[in-house]
2 protein chains.
Amino acid sequence: MSQTVDRALSILPLLAEGPADLGQVADRLGVHKSTALRLLRTLHEHGLVYRQSDQRYRLGARLFALAQEAMENLDIREIAHPHLVGLNERCGHTVHLAVYEENEVLYIDKVESRYPVRMYSRIGKPVAITVAAVAKLLLADLPEAERRPLAEKLDYPLYTPRSTPNAAAFLKELAVVREQGWATDLGGHEESINCVAAPIRGADGRVAAAMSVSAPNVVVTAEELLTLLPQVRRTADAISGEYSGRTVPRD
Amino acid sequence: MSQTVDRALSILPLLAEGPADLGQVADRLGVHKSTALRLLRTLHEHGLVYRQSDQRYRLGARLFALAQEAMENLDIREIAHPHLVGLNERCGHTVHLAVYEENEVLYIDKVESRYPVRMYSRIGKPVAITVAAVAKLLLADLPEAERRPLAEKLDYPLYTPRSTPNAAAFLKELAVVREQGWATDLGGHEESINCVAAPIRGADGRVAAAMSVSAPNVVVTAEELLTLLPQVRRTADAISGEYSGRTVPRD
DNA sequence: AATGGACGTTGCATATATTGCAACGCGCCT
DNA sequence: AGGCGCGTTGCAATATATGCAACGTCCATT
């Protein structure tokens with residue numbers, strides 16, 4: 001909509017790939033070097049871009065600060081955090097909190113497993129949307145008109161033989177998940193990792209976030225993990241109650 | 001330099017404070033609503049801004065993703081991380097990694113204390129530059145021509161009675177730190193928290209990053225914490241060796 | 001030591017993209 | 001119903017971003 005801003009913002013993902021010099025940036029934007037220079041300068045003034053000692057540009061520090069600050073203002077995260085920690089203390093496994101946003105599901109909080117074997121994930125990173133238990137819950141609650149086109153637009157990478165293979169299977173799974181009110185990922189993303197997840201609902205009853213407990217096979221079997229389901233649901237419900245303003249936090 | 005981009009980017013910190021609607025954004029930018037709308041739309045297309053269900057804008061998902069990617073490109077972080085974890089396993093306290101960038105010092109990694117009492121800090125957040133042990137190391141190594149003006153430009157907030165009071169005291173402290181090759185913060189930021197820090201150097205001998213161990217008085221006294229100094233320095237040196245390509249990581 | 005090239009930077013004229021305005025549509029509350 | 005607040009759109013005016021060409025600097029090559 002705004003060409004100048006559009007160009008400037010296009011620089012960011014470009015630099016996310018790695019540092020680049022002025023010429024490279026100008027080329028990839030398809031603009032004159034002087035134009036690229038001025039855009040980079042503006043980004044620089046705002047701290048989004050940093051000029052390292054070899055004169056090349058890379059993403060800047062303020063980006064972290066902004067992301068961090070924004071995180072803190074996601075109030076669902078604030079409300080949920082103590083509950084996630086509590087659950088982690090009780091069961092010991094990795095606990096995740098995720099939300100849906102613009103065709104993506106992303107982790108916004110995480111409490112690490114207290115077992116030595118941990119799973120790989122990062123808050124802020126988009127989730128494997130076709131297999132993750134939290135993603136199933138979040139997508140299952142989308143309006144039909146949004147869910148179907150999205151499902152058909154997605155890629156269905158076969159992380160493992162148990163990964164969701166295609167849109168049809170995914171939509172079927174989502175229907176099951178919506179019905180039962182919880183979801184699992186049994187080795188669909190990484191062969192040896194299982195997850196159980198439950199939805200967190202806002203005042204309007206819509207799914208506002210989802211949380212999960214994950215553990216590798218070497219620590220607990222899938223069956224054992226499933227015995228935690230009631231605990232996970234209780235925790236999610238507690239968060240829902242607080243988030244929707246029905247209950248107050250206990251101190 | 002570029003008015004349009006400048007305005008657009010000014011929206012980001014504004015939204016970091018919390019969600020805002022179109023009118024608020026326009027007011028704070030000092031532009032017409034229609035202008036603000038178009039800027040927000042462009043930011044939206046790039047995923048930096050998200051429109052929540054109540055129509056208000058807040059920072060979007062791609063910002064998190066970008067911040068993450070930017071982090072990953074800081075290769076010093078990658079190299080240092082296992083060392084930080086190792087040190088944390090040995091001493092149990094909170095371990096921080098920080099770098100200097102554009103008149104700021106910021107944490108880029110952190111391993112949480114294993115004691116129940118933890119200190120408050122966030123990666124991505126600018127550090128209390130006048131008192132933090134890591135900041136002293138990073139600034140102490142700046143060229144004189146850069147260090148002095150910076151020191152004089154800084155504010156010297158009195159977090160505690162032991163905070164660095166002014167530029168003169170700070171520059172003196174930096175000279176000591178540069179000489180001895182390590183730094184401390186003994187209750188200068190928060191009354192009950194002490195830190196010991198050591199520098200990480202690149203191939204050219206310049207300080208590329210700094211790491212610290214922090215613990216509250218209730219866990220260990222300042223004297224006890226200081227006994228960890230050799231360990232901290234060994235860890236920092238190990239990272240330096242690997243970062244500068246002199247040694248190879250042991251696996 | 002001299003030369004060539006690559007790269008970043010600046011001033012300037014042009015044209016294009018951005019701006020503010022005014023009007024419209026929509027939902028909400030009185 | 002009617003008025004108000006808010007977001008949205010088309011348009012004309014002009015402020016603004018753009019590409020160009022020239023310059024400076026650093027580095028590698030002859």
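Here is the naming used below: chain letters follow the sequence lines, and residue numbers restart at 1 for every chain. Hydrogens, waters and symmetry mates are skipped; everything else that's a heavy atom, side chains included, is used.
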ask   = Atom CG of A:D21 and atom P of C:dC7: how far apart are they, to the nearest Å?
value = 7 Å

ask   = Where along nucleotides 25-30 of chain C does protein come under 4.0 Å, by heavy atom, of base (B) or sugar-phosphate alone (S), with - for untouched nucleotides?
value = ------

Pairing residues for A:L37 by the side chain to side chain contact (heavy atoms under 4.5 Å, CB included) criterion, not counting sequence neighbours = A:L22, A:R41, A:Y57

message = If you take any heavy atom closer than 4.0 Å to DNA chain D, which residues from residues 38-46 of chain B end up in contact?
response = B:R38, B:R41

Any donor-acceptor pair under 3.5 Å from B:S212 side chain to B:C195 backbone = no

request  = For residues 132-143 of chain A, pull every pair meeting salt bridge (Lys or Arg N to Asp or Glu O under 4.0 Å), keeping only residues two or more places apart or in separate chains.
outcome  = A:K136-A:E173, A:D141-A:R206

Contacts of type side chain to side chain contact (heavy atoms under 4.5 Å, CB included), residue B:A168, not counting sequence neighbours = B:N166

note = Residue pairs passing the salt bridge (Lys or Arg N to Asp or Glu O under 4.0 Å) test with at least one member in residues 27-40 of chain B, sequence neighbours excluded, are B:E17-B:R28

query = For A:A98, what residues pass the side chain to side chain contact (heavy atoms under 4.5 Å, CB included) criterion, not counting sequence neighbours?
reply = A:V105, A:Y107, A:V134, A:L138

Sequence-distant partners of B:P157, side chain to side chain contact (heavy atoms under 4.5 Å, CB included), two or more places apart = B:T130, B:D155, B:Y159

Could you pull out every donor-acceptor pair under 3.5 Å between side chains of residues 5-14 of chain A and any protein atom, sequence neighbours left out?
{"from": "A:D6", "atom 1": "OD1", "to": "B:H46", "atom 2": "NE2", "distance (Å)": "2.5"}
{"from": "A:R7", "atom 1": "NH1", "to": "A:Q3", "atom 2": "OE1", "distance (Å)": "3.3"}
{"from": "A:S10", "atom 1": "OG", "to": "A:D6", "atom 2": "O", "distance (Å)": "2.7"}

B:D21/B:R56 ion pair, N-O < 4.0 Å = no

ask   = According to a strict under-4.0 Å criterion, is B:R7 in side-chain N/O contact with OP1 or OP2 of C:dT19?
value = yes

query = To the nearest 0.5 Å, how far apart are CD1 in B:I239 and CZ in B:R201?
reply = 13.5 Å

message = So for the helix from C:dA1-D:dT30 to C:dT30-D:dA1, with five pairs setting each end axis, what is the inter-axis angle to 10°?
response = 30°

request  = Hey, could you give me the CD/CG distance between B:E146 and B:N103, rounded to the nearest 0.5 Å?
outcome  = 7.5 Å

message = Can you pull out the residues from residues 27-37 of chain A that lie within a 4.0 Å heavy-atom distance of DNA chain D?
response = A:V31, A:H32, A:S34, A:T35

query = Once you round it to whole Å, what is the distance between P of C:dT19 and CD of B:Q3?
reply = 7 Å

inquiry  = So for atom CD, which belongs to B:E179, do other residues, nucleotides or ligands contribute more than 12 heavy atoms lying within a distance under 6.0 Å?
reply    = no

ask   = Expressed in angstrom and rounded to an integer, what is the separation of A:Q55 atom CD from D:dT25 atom C1'?
value = 10 Å

request  = Could you pull out all residues at least two apart from B:R147 that satisfy salt bridge (charged side-chain N to carboxylate O under 4.0 Å, His left out)?
outcome  = B:E144

ask   = With respect to the phosphate group of C:dT18, does any side-chain polar atom (N or O) of B:T4 fall under 4.0 Å of OP1 or OP2?
value = no

